[in-house]
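Here is the naming used below: chain letters follow the sequence lines, and residue numbers restart at 1 for every chain.
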There are 2 protein chains.
Amino acid sequence: MRALSRAADGGKQVTSSHEMGEHLGISPAQIRKDLSHFGEFGKQGTGYNIEHLSEQLRRILGVEQEWAVAVIGAGAIGKAIVRYGGFSGRGFRVAAVFDNDPGKIGRSINQLEVLSTERLGSTVRQREIRVAMLAVPAEAAQRVVEKLVEAGVEAILNYAPVSLIVPSPVYVRHIDPVIALQHMTYYLAQKPA
Amino acid sequence: MRALSRAADGGKQVTSSHEMGEHLGISPAQIRKDLSHFGEFGKQGTGYNIEHLSEQLRRILGVEQEWAVAVIGAGAIGKAIVRYGGFSGRGFRVAAVFDNDPGKIGRSINQLEVLSTERLGSTVRQREIRVAMLAVPAEAAQRVVEKLVEAGVEAILNYAPVSLIVPSPVYVRHIDPVIALQHMTYYLAQKPA
DNA sequence: TAGATTGTTAATCGATTAACAATC
DNA sequence: TAGATTGTTAATCGATTAACAATC
């Protein structure tokens, strides 16, 4: 999608696996292989029609539908998530924010009222939330996860620096900047400053 | 490291590949293989001494040294990063924050003064910063990356939702919550609500 | 027709897992 | 000695890449 936007911005109608790969740091073969898994979207000798491929990808990614997301934790990270402008147009909408600090409950972030975690279950059900982003302190994370799973949440993006234990039908992914940094500095440590 | 902390909290002196794997969702064979790449840290029939393995891992990961990190962008994400408590003790320290908004320059976040991006090069050199976290709007990202590379930064953790082009000796990793969410909702879309 | 680029097959590469001798 | 667990080899699995016929 990014490669397509970029090519469209350049005024193009059509792009190639080579061009997309170059922009994304992926081999052209990889691009073609991945796309072909879902269908035949290109024309030999010509490449891919940007608008057509874009539509197809949106359909495949399920971006046409909008997912309601709950944010748990209204601290610095939670606030940044709620204010983040990058969700709209990419398939997600923050539909609720929770915290258990009475000083935060009732306040608004981006015109969204911070709710008590006591209302988590009912709100998740009412607003048909299937996805949550977890931005609470490490100690609280596992407890909150259990509440989320009980409320029917099926996918959790975890910002807390702990491993979570969940029943297997629930998807969990972890965003940990420290681990991402370590991936890079591990190699830097091998070479001189 | 997480598995070790957890086992230590449970009052244990020794743990096994099986136990660590269970906690992290990784196979015991994987754990042993990865560790054995760096040396022999365990005892047959017994397992791994937690304190000893912990020390070895810290040495291998280069966590004993502390990396000075620059944060570029003092918006919601940049602020959350600077305030994030999870860096200390894990090998990283935010050593500088930059923004180009005159309304933000000179203010403090966590007792750290926001500096003008004009001072980026000189500050990076003075404070021996080799790692940067990029939290600027998408449009500004590529331009800032070029400044960072020119200043000698060798690793960049990118929070902006765009692909960056860098000369190959510079490491780049990307944190994009939308992509992480899509990884999960792609599967959710296949099954009924 | 000549050039370009797809979709796909086959080859390569790397990562994961199973299995087990070694040994605490 | 019996049971447990390591480190490592070999087998398996999956992902990536190279190459090319098909064709626009």
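For I50(A) against L4(A), the heavy-atom pair with the smallest separation is CG2-O, 3.9 Å. When all heavy atoms of F38(A) and I60(A) are compared, the closest pair comes out as CB-CD1, 3.6 Å.
Taking side-chain N and O atoms only, Y48(B) has no distance below 4.0 Å to OP1 or OP2 of dC24(C). Within the structure, every side-chain polar atom (N or O) of T46(B) is placed at least 4.0 Å from both OP1 and OP2 of dC24(C).
If you take CG of L35(A) and P of dG7(C), they are 7 Å apart, rounded to a whole angstrom. Straight-line distance from the CD1 atom of I31(B) to the P atom of dT17(C): 11 Å, rounded to whole Å. One can place CG of D34(A) at 13 Å from C1' of dG14(D), the figure rounded to the nearest angstrom. Atom P of nucleotide dG7(C) and atom CZ of F41(A) are separated by 8 Å, given to the nearest angstrom. Distance, H37(A) NE2 to dG14(D) P: 13 Å, rounded to whole Å. When the P atom of dC24(C) is taken as reference, atom NE2 of H52(B) falls 15 Å away, rounded to whole Å. Rounded to an integer number of Å, the gap from NE2 of H18(A) to P of dT6(C) is 10 Å. To the nearest angstrom, P of dT5(D) lies 15 Å from CG of N49(B).
Of the candidate nucleotides dG7(C), dT16(C), dA18(C), dT16(C) has the atom lying nearest to any side-chain atom of Q30(B). When distances are taken from the side chain of S27(B) to each of dG7(C), dT17(C), dT16(D), the shortest belongs to dT17(C). The K33(B) side chain lies nearest to dT17(C) when the options are dA18(D), dG7(C), dT17(C). When distances are taken from the side chain of R32(B) to each of dA19(C), dG7(C), dT6(C), the shortest belongs to dA19(C). Of the candidate nucleotides dG7(C), dA22(D), dA18(C), dA22(D) has the atom nearest to the side chain of Q44(A). Of the candidate nucleotides dT8(D), dT6(C), dT6(D), dT8(D) has the atom lying nearest to any side-chain atom of E40(B).
Salt bridge R107(A)/D101(A): absent, no basic N to carboxylate O contact under 4.0 Å.
Taking a 6.0 Å sphere around CD of E113(B), one finds it holds more than 12 heavy atoms contributed by other residues, nucleotides or ligands.
Counting heavy atoms from C-beta on, the side chains of L157(B) and P177(A) come closer than 4.5 Å.
Applying the Watson-Crick and G-U wobble criteria (two distances, each under 3.5 Å), dT17(D) pairs with dA10(C). Pair assignment for dT23(C): dA4(D), on the basis of Watson-Crick or G-U wobble contacts that are both within less than 3.5 Å.
For I26(B) and T15(A), each mapped to the nucleotide of DNA chain C holding its nearest heavy atom, the one lying further toward the 5' end belongs to T15(A).
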